[in-house]
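To find a chain, count down the sequence lines: A is the first, B the second, and so on, and within it residues start at 1. Keep in mind that the numbers below use all heavy atoms, side chains included, and drop hydrogens, waters and symmetry copies.
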Amino acid sequence: MASEVSAAVTPSHTGESPWRLGWRRLRGNRVALAFGGLFVLIVAFTLAAPLWAGNVAHTGPNETHTLEKVEVGGEEREVVNPSGKPVGPLWLGAGGKFFLGADGRLGRDEMVRLMYGGRTSLLIGFAATLITTLLATLLGLLAGYFRGWTDTVIARAMDVVWAYPVTLLAIALGLSLAVGGLQLGPFALSGSSIWIPILIIGVVYVPYMARPIRGEVLALREKEFVEAAEAQGAGPLRIMFGELLPNLYSTLIVFFTLGVANSMLLESMLSFLGVGVQAPNTSWGTMIGSGFELITSAPLLTVIPGTMLLLTVLSVNILGDGLRDALDPKSKLRFEVRSGLSAAEIDEGVVP
Amino acid sequence: MARFVARRLLGMVAVLFAVSVLTFLIFNVIPNSEPAQRMAGKNATPRLVASITEEWGFDQSLPQQYATMMKKIFTGDVISYEGRENVDARIAEGVPATFSLCIGAAVIWMFFGILFGYLSAVRAGGMLDRTLTIVAVAGISMPVFWLAAIFLNYLTYKLELFPSGGYVEFTESPLDWANHLILPWVTMAIVYVGVYSRVLRSNMLDAMGEDYVRTARAKGLGERRVMTRHVLRNSLIPIVTLFGLDFGSLLGGAIVVEAIFSLNGIGQYAYESLINTDLPPIMAIVLFGAFFVVLFNTLVDIAYAWLDPRIRLGTEAR
Amino acid sequence: MRKQGLALLTLFLVAGSALGIAACGSGSSSEEGGTLTGSFASFPDYLDPGLSYTQEGWTAMYDTYLPLLTYKRANGEEGGQVVPGLAESMPEISNGGKTYKLTLRDGLKYSDGTPVKASDFKSTMERLFKINSPGSFFYETIVGAEEFAETKQGGISGIETDDATGEITIELTGPRGTFSNELGMLFAAVLPSGTPAKNLTADPPPATGPYVITKSEPGRGWSYERNPQWAKANGDQIEGVGDGHFDKVEIKVVRNDATQVNEIENDKTMWMQTLVPADQREKIVNKYEGTQFRVDHPINVYYFWMNNEKAPFDDVKVRQAVNYAIDPEALERIYAGSLTAAHQILPAGMPGHEDLNLYPHDMAKAKQVFKEANPADTEITVWTDNESPNSDAGAYYQDVLNELGFNAKLKTINADNYFTIIGNETTPDLDTGWSDWFEDYPNPNNFFQPLLAGESIAPTNNTNFSRTDIKELNEKITRLAGEPLGPNQEAEYAEMDKAYMEEAVWAPYGSNTTSTFVDSEIDLDKVIFNPTFGHSLTSFELK
């Protein structure tokens with residue numbers, strides 16, 4: 001899809017800003033736009049949580065209803081039957097209560113939890129990626145611009161975090177911090193704070209983003225405009241943030257979207273294993289985890305949150321792809337965040 | 001070249017050292033996770049806890065405890081807190097299952113990844129390309145444990161198409177071995193096919209615009225030949241790099257897949273040890289995993305430096 | 001002497017009868033042979049009788065390692081009876097309950113052929129202290145045990161043995177009514193003198209019971225075969241322990257309990273030791289109850305402890321309000337039907353249990369009592385572990401407390417760390433939370449002493465989570481601990497149960513059951529579940 005679009009657009013729009021061009025290309029990419037729309041819908045869905053909870057379901061995400069009954073079409077049905085089996089989706093049968101059924105033996109409303117859980121998952125995805133991007137950009141700029149010692153120290157530190165199998169590191173940190181929380185000087189976070197998984201995921205992905213950024217900075221650094229700025233007497237900060245950084249924006253945008261996708265998936269794995277989001281918070285990952293225990297009798301409790309996560313991550317990924325094609329159609333940056341080499345480096349035979 | 005290799009290997013050792021220190025620190029920071037108290041059990045008396053503390057050396061300084069544990073791991077002597085068993089022996093037993101899982105899955109996803117990527121690039125923009133891309137992206141958008149759970153429930157429990165778990169040694173019965181691994185393999189492969197097919201596709205598309213390809217076409221070489229011998233070959237190099245770098249997340253996927261399918265490999269052992277905050281096995285497994293990640297990357301770096309693409313391209317196009 | 005005469009007579013009869021009739025050991029039917037296959041959800045903590053302290057471990061070794069005394073292989077209360085094992089008869093207790101005399105049976109052998117000696121008992125006890133066993137606690141009142149535990153030198157002076165006569169004399173520092181129970185625990189299973197003082201899970205020591213562990217692969221599974229010495233030497237003498245119907249037993253570890261169920265249903269595995277998963281329980285009960293599925297009753301209590309020392313739970317009225325507020329019916333559903341509701345300390349099946357329900361569920365009454373009490377501090381933390389359904393019970397409990405008028409926060413802790421954390425007094429905000437307690441043996445002291453006696457409150461590894469310290473009842477516990485269990489003692493324990501519940505020290509909510517789920521080939525009715533040790537391998541037979 002990408003090459004088709006770029007071939008059509010390139011010739012007659014010289015003189016327009018690359019952003020304008022990019023936007024136009026993106027608009028032409030119908031698949032990316034469709035998925036972008038899906039993503040917006042999903043976000044709206046999760047934002048509507050308090051509305052649904054208050055007006056339709058009349059219950060919060062953590063309220064238990066083990067012994068209660070609901071009226072469906074004139075007859076009374078138990079939310080949780082004596083053997084512990086939760087009621088299945090009632091759709092609009094009880095006026096929207098238990099739309100997707102009950103979530104397990106505690107009889108909580110699955111739909112309400114799905115919406116609130118989505119908020120947590122999305123929040124963690126975005127916040128973690130924001131942290132990753134900020135740290136990675138900073139480290140990449142420092143390492144790429146100063147090179148020498150700074151580069152070695154930063155690169156080695158990144159190597160250590162990189163070598164540690166990502167999931168193991170995240171699980172280890174999650175386990176360790178979930179018990180006692182985190183104390184950094186004056187800041188104290190309780191073990192069940194949502195910021196703990198955010199920080200863990202944010203930090204764990206830094207090397208994956210910092211490496212390509214470093215590679216790009218290394219390449220950009222050799223260009224004439226940097227030389228010119230240096231000749232004009234601009235200091236390192238000016239050059240890094242004034243000259244180099246703006247050239248990284250399109251890369252960063254693409255990496256950001258991919259980062260959100262990966263962060264959401266990692267969060268779901270951590271929560272599934274019990275070392276991510278902690279009670280009373282809920283996320284799609286924790287819902288899959290608790291649904292898994294009932295998988296043979298109530299498979300929907302696993303299928304539904306997983307599908308929501310899949311659709312969300314899929315949308316973000318396709319949107320990310322579209323952005324990448326739009327902002328840099330002939331870009332040699334068309335590879336995963338994880339490859340660690342910029343196109344410039346591959347051409348020059350630079351070794352990571 | 002030799003100096004380069006030596007420096008790389010030294011770097012490897014340094015990284016592994018740092019990884020082990022990091023693990024040790026993480027687990028000694030956990031509050032109230034006193035292994036001596038846990039080992040002492042339900043009716044512990046202070047004397048029993050003190051005795052265990054002495055026996056296991058928990059009263060020593062942290063650096064000393066670290067040194068002792070590392071020594072024990074390398075001499076094959078290290079004992080876990082939970083179950084007091086020999087960690088290295090247990091890891092050795094889990095190796096066949098984990099390697100079978102990872103290597104088998106890797107072969108599958110490499111094959112399909114390259115196939116899909118090639119087809120997508122050759123027919124770029126067409127229906128096939130779009131479909132394969134969406135399928136690929138869908139694969140990498142789903143949590144691997146979720147897919148495993150879905151497969152387990154529908155294909156195994158409900159439809160009974162596959163055995164419900166466990167690992168059969170290859171030496172016992174190759175057919176059974178494969179039968180028990182098909183579902184785990186497919187689960188892991190689905191997630192990674194997308195990564196490789198997309199990278200290959202974009203690399204090939206880039207390469208197709210390169211000079212040497214135009215030259216090859218101008219020379220009158222058939223399209224097929226151009227694609228396979230020139231474009232594909234050269235686009236494969238970054239794939240190899242990618243594979244090494246992905247090893248880390250591969251192990252993560254292995255942890256949950258092994259646990260769900262009861263494969264009793266290293267991943268499952270890691271999962272159990274983490275749940276039990278049992279430091280000795282965690283340390284040993286982390287080192288084991290990190291070792292392979294770093295080793296692979298180092299080998300790739302070395303091979304890369306040796307196979308400078310420019311030189312290869314020069315000779316081929318002639 | 002009598003036994004030898006009987007053996008001669010049998011031999012005579014056998015010699016006189018036709019070919020092909022095999023003389024069997026005590027009581028059970030003919031050996032059918034074949035292999036019993038089973039699955040556990042996790043490998044036992046240890047396959048070393050000196051170390052194991054879990055139900056899985058005890059079940060695995062129940063019919064392999066025999067102590068001087070053992071528990072009858074029987075269901076229900078009958079299974080709580082202590083009977084002679086390797087010892088000839090029940091101990092002769094004298095000297096005000098401080099001296100125990102037993103005699104080892106003649107001619108007993110370990111599975112490797114070596115004879116069992118009286119001095120082996122002494123070295124087994126010493127081994128417990130050498131390996132820092134969690135079970136060493138039960139034997140600390142043996143004279144000289146504490147000194148030995150400190151120094152690990154010089155042996156335990158309070159145990160005297162004579163290999164020639166087989167006599168074993170044990171001196172205690174004070175009378176101990178539970179000591180016979182403790183002699184029947186696996187910790188006291190007699191092992192050969194030279195047994196190494198380290199964890200032998202990967203290579204278990206030789207057996208004295210009907211089955212011997214022949215292969216052990218930690219984490220994956222283990223296997224048994226018939227102990228040849230059982231048929232030759234031990235089996236004849238020891239009553240109440242079956243010979244076993246299968247020649248071999250193969251157990252594998254299958255973490256996923258749904259997979260275990262699947263294998264039983266397809267007749268691929270014969271028995272699963274694990275409780276059937278909650279989400280399949282209804283289906284299994286409907287389909288297999290009575291034919292392949294049965295509910296079994298280990299003796300345990302599940303309860304919510306409340307910190308009696310600190311506000312707001314230092315006020316008995318507040319605690320009573322909580323008891324009224326909890327609805328055991330809701331909890332039964334949360335446990336998917338495996339829980340039986342209870343409202344007292346001692347569970348059904350424990351001697352001394354007399355049904356009590358002082359606080360039948362009544363939310364309105366609960367709120368009223370709460371209002372009367374009007375606690376100042378309503379900010380509380382509720383603790384629970386992260387294993388379902390206990391985690392769900394904790395969430396339910398938090399919800400109930402909030403409804404009552406508290407502002408309760410839930411803290412979920414990893415199951416492996418849970419008891420260490422709530423048992424550590426430096427942990428802040430230990431207000432109330434979930435707990436359970438499984439009996440070590442069927443003697444009420446095993447519940448009251450560790451869980452409610454004032455002296456059991458400890459800075460770490462605490463078991464008295466509610467920090468209950470009622471002087472009068474403390475004294476009663478100590479007194480009853482010295483007396484062997486009889487009907488008078490049982491009546492007094494029942495009164496004690498009521499006294500504690502009147503103080504509402506806890507909010508007990510039930511007793512968890514477990515299950516026996518076998519495939520279509522196994523005779524369900526013959527399977528024996530001992531309430532302390534679990535399933536007896538020797539009781540499994542084909543239909």
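Remark: C:Glu332 CD to A:Thr66 OG1 distance equals 12.0 Å, nearest 0.5 Å. We find the OG-CG distance between C:Ser388 and A:Leu106 to be 8.0 Å, quoted to the nearest 0.5 Å. The distance from the OG1 atom of A:Thr64 to the CZ atom of C:Arg333 is 12.5 Å, given to the nearest 0.5 Å. Distance NZ/A:Lys85 to CZ/C:Arg281: 15.5 Å, rounded to 0.5 Å.
Closest heavy-atom contact between C:Gln280 and A:Thr296: CG-OG1, 3.1 Å.
Side-chain polar atoms of A:Asn81 and C:Glu282 form a donor-acceptor pair below 3.5 angstrom.
Scanning residues 284-293 of chain A against chain C with a 4.5 Å non-hydrogen threshold yields A:Phe292, A:Glu293, sorted by number.
Using a 4.5 Å cut-off between heavy atoms, A:Glu68 makes no contact with chain C at all. Interface remark: C:Asp257 contributes no atoms to any contact with chain A (heavy atom separation under 4.5 Å).
A side chain to side chain contact (heavy atoms under 4.5 Å, CB included) with C:Asp279 is found for one member of A:Ser83, A:Ser297, A:Pro86 and no other, namely A:Ser297.
Checking side-chain atoms of A:Arg105 against main-chain N and O of C:Asp392 turns up no donor-acceptor pair under 3.5 Å.
Counting heavy-atom pairs under 4.5 Å between each of C:Val400, C:Ile334, C:Val261 and chain A puts C:Ile334 at the top. Interface remark: of the candidates C:Ala395, C:Pro277, C:Gly337, C:Pro389, C:Pro389 forms the most heavy-atom pairs closer than 4.5 Å to chain A.
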